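Here's the structure, in structure tokens; my notes come after.
All ligand and atom numbering here is 1-based and tracks the order in the structure. For clarity, every value in this text was computed on a predicted model and none was experimentally measured.
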Amino acid sequence: MKKILVTGALGQIGTELVPYLRDKYGPENIIASSRRVKDGCEGITGGGPFELLDITNREAVRSVIKKHGVDSVYHLASMLSATGEDNPQALWDVNMNGLINILEEARQQSCSIFFPSSIAVFGPDSPKDKTPQDTVTRPTSIYGVSKISGELLCDYYHKKYGLDIRGLRYPGVISSAAMPGGGTTDYAVHIFYDAIKKGSYTCFLEENSSIDMIYMPDVLEGAVKLMEADPAKLQHRNAFNVSAITVTPKELAAEIKKHIPGFNIDYDIDPVRQAIADSWPNSLDDSAARREWGWDPQYDLKMMTEDMLRELGKKLQ
Ligand code: SER
């Protein structure tokens with residue numbers, strides 16, 4: 001029987017992945033964890049086992065894995081690209097020291113691991129359009145440096161110790177349940193809240209900044225599909241390019257305008273986040289994920305926009 005630990009369970013992805021896993025494998029088999037609790041997360045903290053866990057504390061990681069007989073970890077706890085630039089040392093501590101704690105305890109207690117990487121592994125020297133799976137990865141953000149280091153470390157633990165570790169390079173993740181926490185792609189979520197609440201949005205990225213996005217239902221299905229894929233078919237592990245929607249702020253605003261005709265977007269550029277966005281690909285080639293384990297996202301720009309407006313319309317009533 002699976003016993004899955006989810007770190008960072010109260011973040012944007014964890015908030016929806018935990019209920020998804022609890023539905024699939026039984027609530028008692030999914031241990032949600034977070035460094036601290038916040039209001040409005042009772043569904044996660046009360047809907048099955050929950051642990052307060054600081055992943056930078058190796059002892060604490062060991063004891064939670066032992067206590068619950070964990071055999072699989074979805075290691076979501078991470079700082080994102082924009083907040084990382086404010087405090088690179090803190091990002092390194094969480095993203096790298098946290099990861100090595102998880103890897104070491106997983107090695108000693110024989111767990112498989114899901115590792116979320118990012119498009120941030122690419123940098124200004126990578127091909128910009130349809131960025132290939134295997135290409136130059138010389139990132140210039142501290143977040144990207146931590147993610148490419150994490151990918152290499154995960155592959156190393158797989159090769160040296162035979163640990164089953166698999167990962168995805170997430171582009172921007174769009175969702176309605178929880179806010180993203182300090183990323184460069186957050187505009188693609190904020191825009192929906194402000195469209196519904198105010199009828200206008202001031203974007204911190206330039207109108208033609210193209211970045212790939214995926215919608216939460218595809219994120220959930222993709223992570224589990226990868227973890228359940230036949231290992232014999234995986235030529236890559238850490239980590240696969242995945243994408244579903246290639247969009248700019250201007251195009252996303254135009255799509256929203258189809259539903260909210262008076263919607264207006266203007267721009268007040270944040271130089272830090274713009275520089276990060278400029279260093280990332282315009283679009284990704286995710287054919288390796290499609291070929292090796294059947295990545296097949298369902299939501300395009302139109303479907304995602306309709307669903308986001310419907311879900312947020314209910315939530316913000
Ligand atoms: N959404 C992330 C960020 O913007 C990218 O992985 O930091």
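- Here the protein heavy atom with the shortest distance to atom 3 (C) of ligand 1 is Ser81 OG, 3.4 Å.
- At the top of the distance list for atom 1 (N) of ligand 1, counting protein heavy atoms only, stands Thr185 OG1, 2.8 Å.
- A single hydrophobic cluster is not seen to contain both Met227 and Tyr157; linkage of ILVMFWY side chains at heavy-atom distances under 4.5 Å, directly or through other members, places them apart.
- For atom 5 (C) of ligand 1, the nearest non-hydrogen atom of the protein is Ser118 OG, 3.4 Å.
- Other residues, nucleotides and ligands place more than 12 heavy atoms under 6.0 Å from the CD atom of Gln274.
- Set against the non-hydrogen atoms of Leu80, the atoms of ligand 1 under 4.0 Å away are 7 (O).
- Side-chain contact between Ser112 and Asp71 is absent, with no heavy-atom pair separated by less than 4.5 Å.
- The aromatic rings of Phe204 and Tyr187 stand perpendicular to each other, their planes meeting at an angle above 60°, with 30° marking the opposite boundary.
- In the hydrophobic clustering of this structure, Leu17 does not group with Met213; members are Ile, Leu, Val, Met, Phe, Trp, Tyr whose side-chain heavy atoms approach within less than 4.5 Å, directly or through other members.
- Distances below 4.0 Å separate heavy atoms of Trp280 from the following atoms of ligand 1: 3 (C), 4 (O), 5 (C), 7 (O).
- Considering backbone and side-chain atoms alike, Asp186 places every N or O at 3.5 Å or more from each N or O of ligand 1.
- Counting heavy atoms closer than 4.0 Å to ligand 1, residue Tyr187 contributes nothing at all.
- Protein heavy atom nearest atom 4 (O) of ligand 1, with residue, atom name and distance: Thr184 N, 2.7 Å.
- Counting only N and O atoms by type, the side chains of Asp286 and Trp295 include a donor and acceptor under 3.5 Å apart.
- Remark: ligand 1 atoms within the under-4.0 Å shell around heavy atoms of Tyr170 are 6 (O).
- If you chain together hydrophobic residues whose side chains sit under 4.5 Å apart, Tyr74 and Tyr170 fall into the same group.
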